[in-house]
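Data block below; observations after.
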Amino acid sequence: MEKAAFIINPFSAKKNYQPFLDELKKKVDNPLYYISESIPGTDDFIRANFDNVDIFVAIGGDGTISTVARNLINTDKILAIFPAGSGNGFSNETKFNKNLDELLEKIKAGSFRKIDTFTVNDKLSINVSGTGFDGKVVKEFEKTSRGFKNYIKVSLKTFFNYKPIKVQFSDEAYKQYNGRYLMLNIANTRQFGNNAYIAPNASKSDGLVDMVLVKKFPLTYSALFAFRMFTKRLKDDEYVTYLPVSEISFKVTTKNWHLDGEFNKIESPVHVKVLPASLNILV
């Protein structure tokens with residue numbers, strides 16, 4: 001198992017990473033692991049072990065996975081995941097679960113496939129990123145102890161006061177979609193996490209992302225919107241527009257974004273670009 005390194009975010013899974021580490025030590029002799037103190041610390045650990053490791057395992061949520069992945073883009077190294085986040089959208093979409101025995105068998109086999117990633121103003125994203133309502137929700141959510149219940153509470157509170165963002169596209173072909181929206185998402189996979197499918201037709205290996213434009217809807221419609229999102233039926237929703245793109249530029253009247261669930265400040269104009277087949281994922 002020397003070909004694998006395990007990178008643990010100690011703040012994921014309600015800071016309860018010790019059971020995973022204890023189980024790992026029982027099943028792997030002298031595992032190579034790092035309890036991450038910071039993003040630069042994770043970067044340094046990967047660089048220090050890059051030449052001697054084939055598979056880097058991220059133990060955390062989508063933000064942790066994205067941090068590890070950015071070091072592996074366009075290399076022969078392989079990303080693996082042990083999900084320990086609040087939503088686990090990317091791990092759900094790449095069929096990783098909390099069964100360590102299954103993960104170790106996958107590592108032993110070493111099989112992988114190539115998937116797409118994308119950038120937002122040169123910042124990497126692997127799953128779903130966005131601005132508008134959900135960018136604001138993530139900003140407020142990070143002030144809580146996280147968890148799905150807190151996410152719902154913050155979402156409802158934010159919805160009442162949130163004013164739509166204004167989006168203006170640069171390309172003539174997309175100017176018909178200029179307007180005001182509740183939120184704008186860039187989806188490389190189908191879901192935010194917790195099986196909330198914002199882009200049910202998105203594919204992580206087609207060279208495209210789905211730009212998802214959501215108009216503000218009445219609060220009385222929110223239950224139906226949520227039902228459609230959790231049952232993969234948003235593609236038929238009158239408030240949602242999907243634009244499959246490989247590259248696109250636009251301006252938006254907010255700097256609040258989330259990249260794979262992590263809050264970021266991003267200035268307009270915004271340039272989104274797909275990086276086709278840029279990441280090796282363990283299968």
Side-chain angles (χ1 to χ4, degrees), residues 1-75 77-94 96-100 103-104 106-107 112 117 119-120 122-129 138-139 141-147 150-151 193 257-265 278-282:
M1 204 60 65
E2 292 178 356
K3 65 179 180 179
F6 298 82
I7 299 166
I8 300 169
N9 180 349
F11 303 105
S12 293
K14 299 181 180 179
K15 303 182 181 179
N16 190 24
Y17 67 89
Q18 196 62 48
F20 168 83
L21 188 54
D22 291 343
E23 187 181 4
L24 178 66
K25 288 179 177 179
K26 287 179 182 177
K27 294 177 177 179
V28 178
D29 291 333
N30 298 315
L32 176 60
Y33 68 91
Y34 171 67
I35 299 173
S36 179
E37 299 172 353
S38 64
I39 291 175
T42 294
D43 294 342
D44 289 343
F45 173 80
I46 293 173
R47 278 194 293 267
N49 292 280
F50 196 83
D51 292 338
N52 301 316
V53 171
D54 297 322
I55 301 168
F56 289 89
V57 185
I59 297 94
D62 285 351
T64 304
I65 297 163
S66 186
T67 297
V68 175
R70 74 178 188 179
N71 290 277
L72 313 181
I73 294 297
N74 293 321
T75 74
K77 305 305 178 182
I78 302 168
L79 173 69
I81 300 162
F82 186 90
S86 55
N88 299 318
F90 187 74
S91 57
N92 290 343
E93 290 293 285
T94 48
F96 287 95
N97 57 44
K98 295 184 178 183
N99 186 322
L100 182 56
L103 175 61
L104 295 177
K106 284 184 176 183
I107 290 172
F112 67 92
T117 59
T119 56
V120 181
D122 296 322
K123 294 185 177 184
L124 182 73
S125 179
I126 58 174
N127 193 53
V128 178
S129 295
V138 168
K139 182 179 181 181
F141 181 54
E142 290 192 346
K143 300 175 184 177
T144 72
S145 58
R146 292 189 168 249
N150 281 330
Y151 186 83
W257 279 73
H258 75 87
L259 301 181
D260 298 324
E262 299 293 320
F263 180 73
N264 279 258
K265 287 277 190 182
S278 53
L279 180 64
N280 297 325
I281 190 88
L282 194 70

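Excluded from the calculations below are hydrogen atoms, water molecules and symmetry mates; all remaining heavy atoms, backbone and side chain alike, are included. In what follows, residues are counted from 1 in the order of the sequence shown.
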In plain terms, say whether D44 and R47 are close enough for a salt bridge, that is, a side-chain N and a carboxylate O under 4.0 Å apart.
yes
Stepwise side-chain contact (heavy atoms from CB on, under 4.5 Å) check, R70 with D43
CA-CA 9 Å; R70 74 178 188 179; D43 294 342; 2.5 Å; yes
[X]: what forms a ring pair (Phe, Tyr, Trp, His ring centres under 6.0 Å) with it, not counting sequence neighbours?
X	result
F56	none
Y33	none
F263	none

Should we say atom [atom1] of [X] is surrounded by more than 12 heavy atoms from elsewhere, each under 6.0 Å from it?
X	atom1	value
E23	CD	yes
N30	CG	no
K265	NZ	yes

Check whether the side chains of [X] and [Y] place a donor and an acceptor atom closer than 3.5 Å, and report yes or no.
X	Y	result
N88	D62	no
T42	S36	yes
D260	S125	yes

Can you give me the closest heavy-atom contact between [X] and [Y], atom names plus distance?
X	Y	result
L32	A4	CB-O, 3.9 Å
A58	V68	CB-CG2, 3.8 Å
S278	T117	OG-OG1, 2.7 Å
I78	L282	CG2-N, 3.5 Å
A84	S12	O-CB, 3.0 Å
I81	S91	CG2-CB, 3.7 Å

Say you draw a straight line from [atom1] of [X] to [atom2] of [Y]; how long is it, rounded to the nearest 0.5 Å?
X	Y	atom1	atom2	answer
D22	L24	CG	CG	9.5 Å
E262	S66	CD	OG	8.5 Å
Q18	I35	CD	CD1	7.0 Å

Taking it one step at a time, do I7 and V57 satisfy side-chain contact (heavy atoms from CB on, under 4.5 Å)?
CA-CA 6 Å; I7 299 166; V57 185; over 6 Å; no
Ring centres under 6.0 angstrom apart (Y34, F6):
no
Stepwise side-chain contact (heavy atoms from CB on, under 4.5 Å) check, K123 with T119
CA-CA 5 Å; K123 294 185 177 184; T119 56; 6.0 Å; no
Row check, F82 ring normal vs K98 NZ/CZ: under 6.0 Å, within 45°:
no
Assess K106 against F96: is NZ or CZ under 6.0 Å from the centre of the six-membered ring, and within 45 degrees of the ring's axis?
yes
State whether the side chain of K77 and the backbone N or O of I55 hold a donor-acceptor pair below 3.5 Å, judged by distance alone.
no
Using a 3.5 Å distance criterion without hydrogens, assess whether the side chain of N280 forms a donor-acceptor pair with backbone atoms of T75.
yes
Take T64 and I59, measure what side-chain contact (heavy atoms from CB on, under 4.5 Å) needs, and give me the verdict at the end.
CA-CA 7 Å; T64 304; I59 297 94; over 6 Å; no
